[in-house]
Amino acid sequence: MSRAHQPPLVTGISPNEGTSWTKVTIRGENLGTGPADLVGLSICGHNCLLTAEWMSASKIVCHVGPAKDDKGEIIVSTKSGGHGTSTVSFKLLKAEKIGILDQSAVWVDEMNYYDMRTDRNKGISPLSLRPSNPLGIDVDKGKVPLKDLEAMFPGVSGDFTSENFSATWYLIENHSVTSFDQLRMAASNLKKQATRKNEGSLAYVKGGLSTFFEAQDALAAIHQRLESDGTEKVEGSMTQRLENVLNRASDTADTLFQEVLGRKDKADSTRNALNVLQRFKFLFNLPLNIERNTHKGDYDVVINDYEKAKSLFGNTEVPVFKKVYAEVETRIGALRSLLLDKLLETPSTLHDQKRYIRYLSDLHAPGDPAWQCIYAQHKWILGLMQNCKEEFINDQRALDLEGDPRPSALSRNRDTASLKRGCSLRTPRPSTWRYETPQQVQFVEKLSDVVIGQLPNFWKLWISYVNGSLFSETGEKSGQVEKSKKNARQRQNDFKKMIEEVTHRLVKLVRGALLPSTLTELELRLYGGWESKTELTGPWLTQVIHTVRIIFEALVALEIPNDLLQVIQDLLLELRHHCLLVTLHHTAGDVKRLAEKEDWVVDNEGITSLPAQFEQCMVQMLQSLKEPMETKPGEVNVFVNCLEQLIQAGTLHPVISVDLASPDPFSGLQENFCATPEQRLLIILSNCQYLEKHTFLNMAEHFEKHGFTGTDKITQVSVHAVKELDESLFDAYIERKSDPIVGSLEPGIYAGYFDWRDCSTPTGVRNYLKEALVNIITVHAEVFTVSKELVPRVLTRIVDGVAEEMSRLMQCVSSFSMNGAIQVHHTHAHAPHSLTHSLTHSLTNSLTSSLTHSLTHSLTLALSLSLSLSCSFSLTHSLTSSLTHSLTRSLTH
């Protein structure tokens, strides 16, 4: 079973050698929880527990006894930890025995100790016998202020040696949190001490009775001899004889010890002089020691020596001491200047800054070194940021002049000590990254290194300045901590302005490189100067946004107030907005260039690869906008704002026009393909229908998948634009195909000077109608080859045009003969049947119904008008009904 506490461990003893009864200080770990816990202490095998004084769990003071061993360990034993060990040893020096008449170069130190034999009649001070802990239990200091105790117990004291001792005060002060069991044990200890005290006094009296009896017997014998000598008259009385003997002994002793006592007085004088020299040797050697330790960097030793000299000789009136102490002050002044220079030196680590501030505070340097360091660091960070911009601009100009990419001085020092950071927050770049990346992007990356590498230490230095952790225990005792906190409270606004200046400088430098239009002319001269020939693309802007977000997150992690970081959030918003606009414009250019990739090869659905390429281009754009459009905490949805701006600018209302005046508007796109312009028009119409019915629906799903909201307007505008293009191209195609057919009807009808009022008996369908039917069938074949979906739409418009032209031509006839009327009936009765028979494999029911309705309506109207000019009403009604029945039956079949 392991003990509750670790065994004692002695790690140091001072001094580490000496003679018997030398006072030593023992240091170590787990040296007991209190005086009662210390049960054993031996040095070189001698028990020193009786002289031990427990100071703390790491310090014990005692006197070395007359041990037998010359060198040995220091062993401490406690109740809580048991028998301990030692990593150091003590060397016991043996004092040489010297006779009273022997000369010696060593003076044995005198010790004042109580000897019952020689100082029997001397009194003992009660303070020397006062126990350090009268209750015999651990002292648990409470948190009751001394002022409150004095107010509660006026006129009394908690010191048990005082005449006005108050037990209540003592218990509240030293045992306010002690348990009841411990207090019961303390009462038992008091009873034992009282019993032991009474027994000790009685035992002392009993032990001294024999001495008293011996003294009484000696005095009685002397008295008897004196009385007997008084009766004899030989050679005087006994007292006279005793006096003579004593005088002779004194003279003999003076004769014998006069030389020895002279040497003793001389030795005393020498010893006193040596003691004075030894005592003041520290002061005389201090200037040289200060210089030596300063060169070695042992500033702690210098500070300790200076504090000691100041306490001993700070107010001395001795001229020689004042002169030496003045030289010490001169050396300390030079040390203050040296430490201040090192403190303000850049670059430096936060650890070194705190260390130098602590040294300067211990040396009582004038002013406020901590604030001077903060101010210097602030200026240095601003200078680093500005120099970063200047070096990149100089590099850019050098590259433009020489045309050869060369590493700049800033990039060569990318990993040097000028920017001491623990690690990078970004993925390592390949070695060729710098030569492939635009200068502005590299600049933002380097700028982020400066901010992330320096601003956290700058902020931590301020926090240490505010909470007073820059000072040592000496500074705390001297009141420097409170003074520092007071100064920090007064300079909070100044430091806030420093942070604002750093963040604003960061934002303006980034704006000068990427968003120069957002700066004034004066700001452009300070933070601009970039000569960029090409605008950054979306991926590079995305990288910049990622870098700025890393800066923002690093500063947020330092718990910097949000109002100081708002300017960075505004920069992120504008960068995201700019990235979206640039990406949209570049994507629009890519979509326009898709026409160069058109190969006019259609699939089974009558479309080319162009719609798929368009959809792929849009998906790639959405993927590239994923990070810029992602809304982090505290950010707004920039996509909606950008759409509103585009709508207001009219960008979402494109005007699509195609120049169809030339005979072949699409020639030259694919020289190896022999598609005619009419076929290409049909292919485009098929692609437009596919875009409207499929691609735009897929795009809406992609927008929703990537988190883009408010895209209904985009879909509506796109569909409207495609519909306008479709109508324009469809009208152009119908015009190309319908006009020749319609235009050939009138010349074909009146070919050979045909006259409706004087014509021969009809023998069949005339040639103009056959030619028109052949042309319609040709158009049908062309459309069917490209897309089946376009057949009903195209043929309906062409047949409508032919029917309207026939109706117009018939209305222009003034009169018909009987043969002419029969010719009209015969011709138009076979026309629908011939057309539907030719297209029976491709026409749908809806198309058949449409053609039937168009032809029936148009031809019936034409026949009615024509026959009414030459026939009676009954005949006209009979022929019209017959024709309508025939047309309906033929088209239905």
Side-chain angles (χ1 to χ4, degrees), residues 1-18 20-92 130-143 171 173-190 192-193 300-301 304 351 354-355 358 469 471-474 476-477:
M1 180 180 298
S2 61
R3 296 180 181 270
H5 298 276
Q6 296 293 330
L9 175 63
V10 176
T11 58
I13 183 171
S14 178
N16 58 2
E17 63 179 12
S20 299
W21 307 111
T22 300
K23 184 178 180 180
V24 296
T25 301
I26 301 172
R27 298 187 180 273
E29 302 174 359
N30 308 314
L31 301 183
T33 59
D37 190 41
L38 183 63
V39 297
L41 174 61
S42 63
I43 300 177
C44 298
H46 183 268
N47 187 3
C48 302
L49 182 61
L50 295 178
T51 61
E53 182 180 1
W54 185 89
M55 307 299 292
S56 66
S58 60
K59 181 178 178 182
I60 297 175
V61 178
C62 70
H63 289 274
V64 179
K68 298 180 180 180
D69 300 333
D70 294 339
K71 189 175 183 180
E73 296 181 341
I74 302 92
I75 305 299
V76 178
S77 301
T78 61
K79 294 180 181 179
S80 59
H83 193 68
T85 57
S86 174
T87 60
V88 296
S89 60
F90 182 82
K91 183 178 181 181
L92 184 63
R130 183 184 65 182
S132 60
N133 187 4
L135 298 183
I137 59 176
D138 295 337
V139 176
D140 295 327
K141 292 285 186 179
K143 297 183 180 180
L171 290 176
E173 182 182 7
N174 298 285
H175 300 284
S176 59
V177 295
T178 305
S179 63
F180 181 75
D181 293 337
Q182 289 289 325
L183 292 176
R184 182 183 297 173
M185 185 184 299
S188 177
N189 293 338
L190 286 176
K192 292 180 180 179
Q193 291 178 13
D300 291 313
V301 178
N304 292 333
H351 174 73
K354 290 184 177 181
R355 188 161 58 94
R358 188 175 294 112
S469 61
F471 304 98
S472 60
E473 296 179 358
T474 305
E476 294 179 359
K477 295 178 181 178

Nearest heavy atoms of Gly82 and Pro8, plus distance in Å: O-CD, 3.4 Å

For Asp37, side chain to side chain contact (heavy atoms under 4.5 Å, CB included) partners two or more places apart: Thr33, Thr78, Lys79, Ser80

Pairwise side-chain contact, Val24 with Ile74, heavy-atom cut-off 4.5 Å (strictly under): no

Validation row: Val64, Cys44 side chains within 4.5 angstrom (heavy atoms): no

Test item: Trp54 side-chain N/O and Ala36 main-chain N/O as donor-acceptor pair under 3.5 Å: no

Closest heavy-atom pair and its distance - Cys62, Ile26: SG-CD1, 4.0 Å

Non-hydrogen atoms of Ala52 and Leu41 that approach each other most closely: CB-CD2, 3.7 Å

Nearest-0.5 Å distance that lies between atom CG in Leu31 and atom OG in Ser56: 7.5 Å

CD-CG distance between Glu53 and Leu38, expressed to the nearest 0.5 angstrom: 11.5 Å

Non-neighbouring partners of Ser42 that pass side chain to side chain donor-acceptor pair (under 3.5 Å), sequence neighbours left out: none

Please list every donor-acceptor pair under 3.5 Å in which a side-chain atom of residues 84-91 meets a protein atom from a residue at least two apart or in another chain.
residue	atom	partner	partner atom	Å
Ser86	OG	Val88	N	3.2
Ser86	OG	Val88	O	2.7
Thr87	OG1	Val10	O	3.1

Approximate separation, where rounding is to 0.5 Å, of Ile60 CD1 and Thr51 OG1: 11.0 Å

With Thr25 via side chain to side chain contact (heavy atoms under 4.5 Å, CB included) - residues at least two apart: Arg27, Lys59, Val61

Separation between CD1 of Ile13 and CD of Glu73, rounded to the nearest 0.5 Å: 11.5 Å

Minimal non-hydrogen separation, Pro66 against Ser20, with atom names: CA-OG, 3.3 Å

Side chain to side chain contact (heavy atoms under 4.5 Å, CB included) partners of Thr178, counting only residues at least two apart: Ile137, Asp140, His175, Gln182, Leu183

